Protein chains: 2
Amino acid sequence: MANQELKILGQDGDDVCCEGLATAPLDEEQAADLAKIFKALGDPVRLRLMSMIASREGGEVCVCELTPAFELSQPTISHHLKLLRQAGLIDCERRGTWVYYWILPTALDRLAGFLAVPRAAKASV
Amino acid sequence: MANQELKILGQDGDDVCCEGLATAPLDEEQAADLAKIFKALGDPVRLRLMSMIASREGGEVCVCELTPAFELSQPTISHHLKLLRQAGLIDCERRGTWVYYWILPTALDRLAGFLAVPRAAKASV
DNA sequence: GGCTTGTATTGACGTTCATTGATGCAACCT
DNA sequence: AGGTTGCATCAATGAACGTCAATACAAGCC
């Protein structure tokens, strides 16, 4: 269950993580990889899921606590969780009857680093 | 031309920018606002446009330099630039015949700050 | 004025996405 | 074994998205 996420930025080979948005123009492959992750965050339900999980004391949340927070069907929440997992943003584990999700902070850190604009590029504002 | 972007995070009123992803669960409105911005970044063409503009010496790029970098029609590039502008990520100005685009670093900084996960939430990894 | 070049907008089309009800699978309980 | 609960997958549908050709608009040039 934990081995389904996509190959993520700079896991090996080309290293997207350490290059900022402003260091050099992205090539098509880098852009496609990153776009998948941003797209995963580009939905209000998924952003709320992320924040619900990330802000959780202990770092883990049971699906049974996430689903009732939305006025959406259970399959829909399950679908969004799957997309976040495929983007490498969260992971999960089954423990008995319940499934627990947690954030993968490394992915978030890489995104944050990617977005941080070096001072040079800020001069024009 | 410069006054069309959406009302952005924490421009006034509710302040999304200073709350991290992990500080508290997002409410629906905050999530919807942020999702628009992440969605704007969730396309490879738009990410490449962003990096081409951001990595540009001087911080400004003419559309006439962006369009030929893609195997896409000129209206398509124009459409993507419009979406980025509506998300508050870039702005533009017409100077004579040409239109120049530049990055709005504040928006990127806010996103980066939002994604930076506090140490507490990282313990579980 | 009319012509040319650069950019934005419109309208249409095919694809992808979010959502749901129905169903399947896993784990517990009696 | 049978029943129940938690979660994932499937198949279908309507909405949103990316793309383009055609067109419109803006600015410079003749």
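Quick caveat, the model's predicted, so the values are computed rather than measured. Only heavy atoms go into these numbers, but all of them, side chains included; no hydrogens, no water, no symmetry mates. Just so it is clear: chains get the letters A, B, ... in the order the sequence lines come, proteins before strands, and each one is counted from 1.
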Under a side-chain separation threshold of 4.5 Å, the hydrophobic residues clustered together with B/Y100 are B/W98
Who passes salt bridge (Lys or Arg N to Asp or Glu O under 4.0 Å) against B/E28, sequence neighbours left out?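 Partners of B/E28 under the salt bridge (Lys or Arg N to Asp or Glu O under 4.0 Å) test: none.
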Distance, rounded to the nearest Å, where [X] contributes [atom1] and [N] contributes [atom2]:
| X | N | atom1 | atom2 | answer |
| --- | --- | --- | --- | --- |
| B/E93 | C/dT7 | CD | P | 14 Å |
| B/L84 | D/dC17 | CG | P | 14 Å |
| A/R85 | D/dC7 | CZ | P | 14 Å |
| B/E65 | C/dG6 | CD | C1' | 13 Å |
| B/H80 | C/dT7 | NE2 | P | 17 Å |
| B/L66 | C/dA8 | CG | C1' | 15 Å |

To the closest 0.5 Å, what do you measure between [atom1] ([X]) and [atom2] ([Y])?
| X | Y | atom1 | atom2 | answer |
| --- | --- | --- | --- | --- |
| A/D91 | A/W102 | CG | CH2 | 5.0 Å |
| B/L89 | B/T106 | CG | OG1 | 11.0 Å |
| B/L21 | A/M50 | CG | CE | 5.5 Å |

By nearest-heavy-atom nucleotide on DNA chain C, the more 5' of B/W98 and A/R95 is B/W98
Residues two or more places apart in sequence or in another chain: which of them pass side chain to side chain donor-acceptor pair (under 3.5 Å) with B/S73?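 Scan of B/S73 (side chain to side chain donor-acceptor pair (under 3.5 Å), adjacent residues dropped) gives B/T76.
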Contact list please: residues 68-76 of chain A against DNA chain C, heavy atoms, distance less than 4.0 Å, in numerical order.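 A/L72, A/S73, A/P75, A/T76 - these, ordered by number, are the residues of the stretch whose heavy atoms sit under 4.0 Å from the strand.
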Below 4.0 angstrom, which residues in residues 38-50 of chain B have at least one non-hydrogen atom near DNA chain C? none
Side-chain donor/acceptor of A/T67 to backbone N/O of A/V63, under 3.5 Å: yes
Looking for any heavy atom pair under 4.0 Å, which part of the strands does A/L83 touch: base, sugar-phosphate only, or nothing?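 If one applies the 4.0 Å heavy-atom cut-off, A/L83 turns out to touch the sugar-phosphate alone, with no base involved.
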[N], OP1 or OP2 - any side-chain N/O from [X] closer than 4.0 Å?
| X | N | result |
| --- | --- | --- |
| B/Y100 | C/dG6 | no |
| B/S78 | C/dA8 | yes |
| A/H79 | C/dC17 | no |

Where B/L41 and B/L47 come nearest, the two heavy atoms and their spacing: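 Between these two residues, the closest heavy atoms are O-CG, 3.2 Å.
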What pairs of residues pass the side chain to side chain donor-acceptor pair (under 3.5 Å) test when at least one of them lies in residues 45-54 of chain A, not counting sequence neighbours? A/R46-A/H80
Compare the minimum distances between each of D/dG18, C/dT9, C/dA27 and the side chain of A/R94, then state the nucleotide with the smallest one. C/dA27
